[in-house]
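Below is one structure, written out as structure tokens, with a few remarks after it.
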Number of protein chains: 2
Amino acid sequence: MAKKYVYFFGNGKAEGKAGMKEELGGKGANLAEMSSIGVPVPPGFTIATTVCEYYYANGKKKPSTLDAEIDANIKKLEKALGAKFGDKSNPLLVSVRSGAAVSMPGMMDTVLNLGINDDVVAGMIKKTGNERMAWDSYRRFINMFGDVCMGVEHEHYEDELTRIKKKYKRALDTDLTSEELKEVVEAYKKVYKKHVGSAFPTDARVQLTHAVNAVINSWNADRAIAYRDINKMRGLKGTAVNVQAMVFGNMGDTSGTGVAFTRNPADGTNEFYGEYLINAQGEDVVAGIRTPEPISTLKKKMPKIYDELDKIRLKLEKHYKDMQDVEFTIQEGKLFMLQTRNGKRTGLASVKIAVDMVKEKLIDDKTALQRIDGDQLNQLLFPIFNPKAKQAALKGNGLIAKGLPAGPGAASGLCVFTADDAVKWAGKGKKVILVRKETSPEDVSGMWAAEAILTSTGGATSHAAVVARGWGKCCVVGCGDLDIDYKKRQMTAGKRVIKEGDEISIDGTSGEIMAGHVETSASPVVSGVVEGNKKALKDPICKTYQEIMKWTDKYRKIDVRTNADSPQDSLNARKLGAEGIGLCRTEHMFFEGDRIWAIREMILSEDEAGREKALKKLLPYQRKDFEGIFKAMNGHPVTIRLLDPPLHEFLPHDEKGQKEMAKRMGISANVVKKKVESLHEFNPMLGHRGCRLSITYPEICRMQVTAIVEAACNVTKKGVKVLPEIMIPLIGTDVEFNILAQLTRETADAIIAKKKSKVKYLVGTMMEIPRATLIADKVAQEAEFFSFGTNDLTQMTFGYSRDDIGSFLPEYLEKKVLLEDPFASIDQEGVGQLVRTGVKLGREGRKNLKCGVCGEHGGDQESVKFFAEVGLNYVSCSPYRVPIARLAAAQHAIEAGASKKGKKKK
Amino acid sequence: MAKKYVYFFGNGKAEGKAGMKEELGGKGANLAEMSSIGVPVPPGFTIATTVCEYYYANGKKKPSTLDAEIDANIKKLEKALGAKFGDKSNPLLVSVRSGAAVSMPGMMDTVLNLGINDDVVAGMIKKTGNERMAWDSYRRFINMFGDVCMGVEHEHYEDELTRIKKKYKRALDTDLTSEELKEVVEAYKKVYKKHVGSAFPTDARVQLTHAVNAVINSWNADRAIAYRDINKMRGLKGTAVNVQAMVFGNMGDTSGTGVAFTRNPADGTNEFYGEYLINAQGEDVVAGIRTPEPISTLKKKMPKIYDELDKIRLKLEKHYKDMQDVEFTIQEGKLFMLQTRNGKRTGLASVKIAVDMVKEKLIDDKTALQRIDGDQLNQLLFPIFNPKAKQAALKGNGLIAKGLPAGPGAASGLCVFTADDAVKWAGKGKKVILVRKETSPEDVSGMWAAEAILTSTGGATSHAAVVARGWGKCCVVGCGDLDIDYKKRQMTAGKRVIKEGDEISIDGTSGEIMAGHVETSASPVVSGVVEGNKKALKDPICKTYQEIMKWTDKYRKIDVRTNADSPQDSLNARKLGAEGIGLCRTEHMFFEGDRIWAIREMILSEDEAGREKALKKLLPYQRKDFEGIFKAMNGHPVTIRLLDPPLHEFLPHDEKGQKEMAKRMGISANVVKKKVESLHEFNPMLGHRGCRLSITYPEICRMQVTAIVEAACNVTKKGVKVLPEIMIPLIGTDVEFNILAQLTRETADAIIAKKKSKVKYLVGTMMEIPRATLIADKVAQEAEFFSFGTNDLTQMTFGYSRDDIGSFLPEYLEKKVLLEDPFASIDQEGVGQLVRTGVKLGREGRKNLKCGVCGEHGGDQESVKFFAEVGLNYVSCSPYRVPIARLAAAQHAIEAGASKKGKKKK
């Protein structure tokens, strides 16, 4: 028997089901599922994703049995509806929609009203008595079919429409009469013929074939590929094609169409949230051309429909156990559901819905955790505008306009008016806000590059809003007060003109647009949990956050530490759940106050004695810092990295600074200049830094170890439990480590003996040089722990300088040479392979070697899961990434099917 | 039975033999062997290297059974000589010498005349009637024993000697009377007691224990470890201790001592070559304090002894089948051989002796090849002074002095007078010549760092000469005309003063020292083989070279290519045996003549059209270059690397250059400056270069491929066989390669089709980014060859910038963090591991993938062997390293026991 490619649904039955997303796509599977559970769905059939897969695997040919199967399903559909495809008297019209296993909003093409031709129009009029609707549908169809299936640009049709509207002096499309619409149809046919080169196809079956092909071809359109890349969607078979009987929202005032969420996608409130338009077809709502009405008003306008819709909302949530994003059409007072899918939501909403659903016993805590995206969780920690700064900004003439809040957070940036400019400016390190009338899939790269997105049209479900929310990006839409002029690269709000490059600030929670830069302040979670603000602690967001965090600790198996260089950062990180410090960078301490002069004196010294003298001045400062950090981390391990950067980083590179330094140190400016020159390096990343400094100047290592161990002994006396881990950076050979480990242990043990202390310490290394990972077994002979420095490891494994990658990374991402910035999420294939090798060899050299990671990747959700998979004992990240790391660790543990606490109890 | 640690030899018998070098050391094994084959050797015994090994493995304790074994062997020795250790009337004196499996000249300590005390002196006088000799031996012994066994510095004894000489107004040591020498002995005993803290030991057996300990301890003295490191000696057990009956060369004019080579170690001539001193002990010859006489004069002075010595020379060569370095002593007209070992020799001598011995049927060609060191072979290709330049330099006041030629070649450099300065100055990139009165093992690092070594004392077997020859370093010794003043850091030759930092030139073949810089010219091999000079071709050196090279090609299994960027270099390399080009760097061509302006125009262009226009100007130049190279390499593959360096390398970085460029291009200097600034990179090594350039500017790739393929088509028409291999540099991901390979193939195929040519080409990649080696299987899907760029691979695997490593490499080598510069010889453990992985994965991705190497390592002997071991198909190196690569490849094949031609024939 031939393989089955087409699945029918309708009349309370379906060949497919929700579990068949991979074959039927999300939309198809859900249409089948809805049909099965008695939700009113227009009947139709789904052409499986396997057809798309077959198509691309076989030189763009479809399976030979497909056409026959489609024909059979059309017959079934005709039977179900008692209408006939292409029939003059009782015609069946269909919509053709794409739908992959994962939702890709706005990415795939859709064709509505398919099946119309000159004869069918007559049949439609006869059947519905609505002449205007019939011609309106026809002209829409020619436009859409030409655009989507044949690549005829929309503007060509618009030109004709405008011409005819002018001719008859009609202001709006809806003002056009049937006769005039008929003229539009004829004009559109000519446009089609002119640009396609052949006449508009009148055969409904031929139309369908073109539409199916268009959907399948749209799967590999550039914008679809870009969306999948940005959203890290991999391993999909392709798109399904949903062919469904048309229902009409544009049949007058008892008709309409809308989209809705079963809960509020902005804040997660359990309320019906959506928008609709009366007398409109589906695309009108999401296209952002007309601003739709909120769903609550439907209760008054069509109470029966609203009630039915509300019941369906509850039914769907109970059935799918998640918040749903639905599309519906009302055709002359009858409700049809066109789609349901899991709804995109803000971080806040995501967290709240997950926690609420656990309370409602719809799901368990494991499921809730799996549903929360790291970036979404992160939104709870987003800064909001500092209230006072915002008040000040709003005073006088500060408020430019107000729009619909569509993505949370707060952002300031320079205005740009094209997606290309957003990419370019951001590439130069500028923070920009992308301002558009509306956005389209072509703008995706620019939206990604911008700090925030602002549109003058569209609602909460417009393209801009949906995409921005998915990314957790600040976004305000439908800001109708703004008049945007792309040519002049400016926007006006009343008399006020804001030009390209002017700075504005956007509040994604209130929708306010303000002039200039506005200072931000922490989120309620940060105020409550980190800063101890009691009012903030009672904030529901804060409570929800704490609930989630409790669950993460219940499941995760690996520890989460933080990268912190000061007692304050350490305390903050503790409050966010850090279980120790994974990376304390000692050099940051050198820049504070007068310390820089001591380090400069050291650098200028010609001999060891001079350097020791200068270092002695630094010792008390360092010791005091370490005491503060140890106290903050009482009972938790603290990994301290010895001096890492090249010495020239501590010297002034400008003439003025050099003169000042010379004056202060009582030497000639020329001496300073010469020293700076002598320390110049062609590639400082690969130069005299890290352990190489302590090999050539052992006194640096000695001073730092002294400060660490003396601090540890001092606070131990005061009852603080100290677990110092001394980390030697940039090891490439075992000999380097052995020399410095010996120096460290000799220095430390002498102090401990002298102070009669019982302080225990570890000596380990940072794994950041590719060679070190390759000989990790030898390094582990003497090293008591490894901490993977994946920033530098990425630099050297790829041969990318993090400071210089900007000159080609944007193009690399665009051309898909790289699917993501390897400094943001670890390259599992290459850099990850070295981490894996390092851990494996390391534990061959020393059983149960403690391994962690302290690069930026320690706070990236996918990377954390990878590190857990590889078997690291902990990850370490910046304080405000600690919650994400805890979440990711829990998610990995749940995926791996084990529980940390569970294991511990046994 | 206890383990045997001591081996006796003497009277034509021996417990050991030549094959026991590992246990008995070279000296001990050869003493045993010589004794066995009837060479006159003073009897003695050897304490095996296993004692030294045991000593360091067991906390510096010797085996418990050792003392009894030594005692038994002393008895045997006493019996053999009819004398008694420590006896008053008929005393036995011994020498104690070190000797490891591999010769380490001057590294290990020696004690002579052991066994003397006040009583024994009396016995010696009674037995020999030579009172002066007895007291002279005694004072020498106290001095040497104190120095070597107890660390009493030689100068303390010298002070006393000088005092007593002054007291009695004696000019020379030999002027001192017996009575005066007796006073010296008493004074020396006081010196000993003062510095050691106890009286000089009178018991002979106690003396022996001290001496044995001293020899064993000297194995791990810093200078010995340094020598082993520099000479890459690994896996040795330790040193043996040779205790041998003393014979006296200082018993008057019928006595003497000497060292000799069985052939000339400077040029390989089959003649007896050596030096001797009448009335002297062995150390006097090699210490370089007295200048000895050439061995040829011995024929007149002691014809019988000379004849016996010459017979022994032939006997030893026939027995050992290699040139020998012997030590002998004549005691009152009787000849004793004290040592034989394979002699160190210059590259020239090494090659000549190996070839001669094959002709003499002493060895076969495989053995001959195994005996030749790459650096020695390289000496044949050393430059010699340009005859005209040298003539000019010698005119007027150019010749400073003339010494003994001790190491071949020619060198110019700045004078330094201490080994430390040599290291420091060389570390700063300066070429220096180390000038010393004599050298000692403490000077080894400085000698290594210098271009050449010049000493005012010592002969062809002095420390300086032996060490320099081993390294193939230019060296002149015994230049008595020079008066060296260490304090003033200058030397005078007559009235002329040469100060530290003055440039001089040294001819290692003639011994001439010249003022200033003298231009060099190529070796006879280069003149003959490369430049086709017919006279030079008949030069015996040239003939010998060609013989050797014929043998290498008979055995080696891998190909040797060259790195060349011009037709001339390509031709030269062909003549030196290159079988193709492994790396043609296209960017070097950009700097010639007017081309730089075209590339600068390209860089300044704002769009692709502008860049294409500029590149079009470069196309004919590149095409012409490639045509020349293809012709030179007719029938051999040519690997061409696409543009690699970052673009800023083509722009002027100084104000003057920028102004000139602005003027020439008719733009403002500010535009040029801004462009230079915008291209600045923090770490250019890790920046926008290599394939990253062609990904962002595909037009560069297109132009270069066009030039390559058009050139290939053009010369093919003229009957040249072209095998172009287009190499894409700096690949880190398979996508990069795939994008550029596709562009390359599209461009190339279009040209080939248009020209109706049948040119075949390959597209491959340089493996130089660590990540590329880790995903080599994926890269090999599309890549037809890999060429490992081990320079950059070393930079990234170690995280060392080749341009900046100078700030810590000297200290890294000194502290043994690295045993050798990883840019000179490949780091087999780390970088080599990635090469191994790359080859293995690459061939998993594409069976029989062609793999080569094109970094500097391709011309390093040890590295080439490693690459052959790893399974590369070829190595590629600079033209003048091709002979070494051929040799190393042959050596590897012989070691691996297979023959290339043999295989091919079968």
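Lettering follows sequence order; numbering is per chain, from 1.
Judged as a side-chain hydrogen bond (donor to acceptor under 3.5 Å, both in side chains), and not counting sequence neighbours, A:Arg836 has no contacts. The side-chain contact (heavy atoms from CB on, under 4.5 Å) check on B:Glu612 picks up B:Glu608, B:Glu699, B:Arg702, with sequence neighbours excluded.
Both the backbone and the side chain of A:Glu736 come within contact range of chain B, each with at least one heavy atom under 4.5 Å from a heavy atom of that chain. Of the two parts of A:Asn738, neither the backbone nor the side chain holds a non-hydrogen atom closer than 4.5 Å to a non-hydrogen atom of chain B. For chain A, no part of B:Ile805 is nearby; none of its heavy atoms comes within less than 4.5 Å. Only the side chain of B:Leu818 comes within contact range of chain A, judged by heavy atoms closer than 4.5 Å. Looking at A:Lys816, only its backbone comes within 4.5 Å of chain B, counting heavy atoms on both sides.
Residues from residues 763-773 of chain B that place a non-hydrogen atom less than 4.5 Å from a non-hydrogen atom of chain A comprise B:Ile769, B:Pro770, B:Arg771, given in numerical order.
Distance check, rounded to the nearest 0.5 Å: OG1 of B:Thr733 to CG of A:Leu819 gives 9.5 Å.
Within a 6.0 Å radius of NZ in A:Lys815, other residues, nucleotides and ligands contribute more than 12 heavy atoms. Within a 6.0 Å radius of CD in A:Glu606, other residues, nucleotides and ligands contribute 12 heavy atoms or fewer. No more than 12 heavy atoms of other residues, nucleotides or ligands sit less than 6.0 Å from atom CD of B:Glu655.
Highest contact tally toward chain B, considering only A:Asp827, A:Leu679, A:Asp734, is held by A:Asp827 [criterion: heavy-atom pairs under 4.5 Å]. When the candidates B:Glu814, B:His680, B:Lys778 are compared by the number of heavy-atom contacts under 4.5 Å with chain A, B:Lys778 comes out ahead.
Under the 4.5 Å side-chain criterion, counting only non-hydrogen atoms from C-beta, B:Leu774 is in contact with A:Thr797.
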Identify each donor-acceptor pair in which a side-chain atom of residues 681-693 of chain A lies under 3.5 Å from a protein atom, sequence neighbours left out, and give them as a table.
unit_1   : atom_1 : unit_2   : atom_2 : d
A:Glu681 : OE2    : A:His688 : N      : 2.7
A:Asn683 : OD1    : B:Met685 : N      : 2.9
A:Asn683 : ND2    : B:Ser801 : OG     : 3.3
A:His688 : NE2    : A:Arg692 : O      : 3.3
A:His688 : NE2    : A:Thr696 : OG1    : 2.9
A:Arg689 : NH1    : A:Met685 : O      : 2.9
A:Arg689 : NH1    : A:Asp792 : OD2    : 3.2
A:Arg689 : NH2    : A:Asp644 : OD2    : 3.0
A:Arg689 : NH2    : A:Asp792 : OD2    : 2.7
A:Arg692 : NH1    : A:Gly687 : O      : 2.8
A:Arg692 : NH1    : B:Gly799 : O      : 2.8
A:Arg692 : NH2    : B:Phe798 : O      : 3.0
A:Arg692 : NH2    : B:Gly799 : O      : 2.9

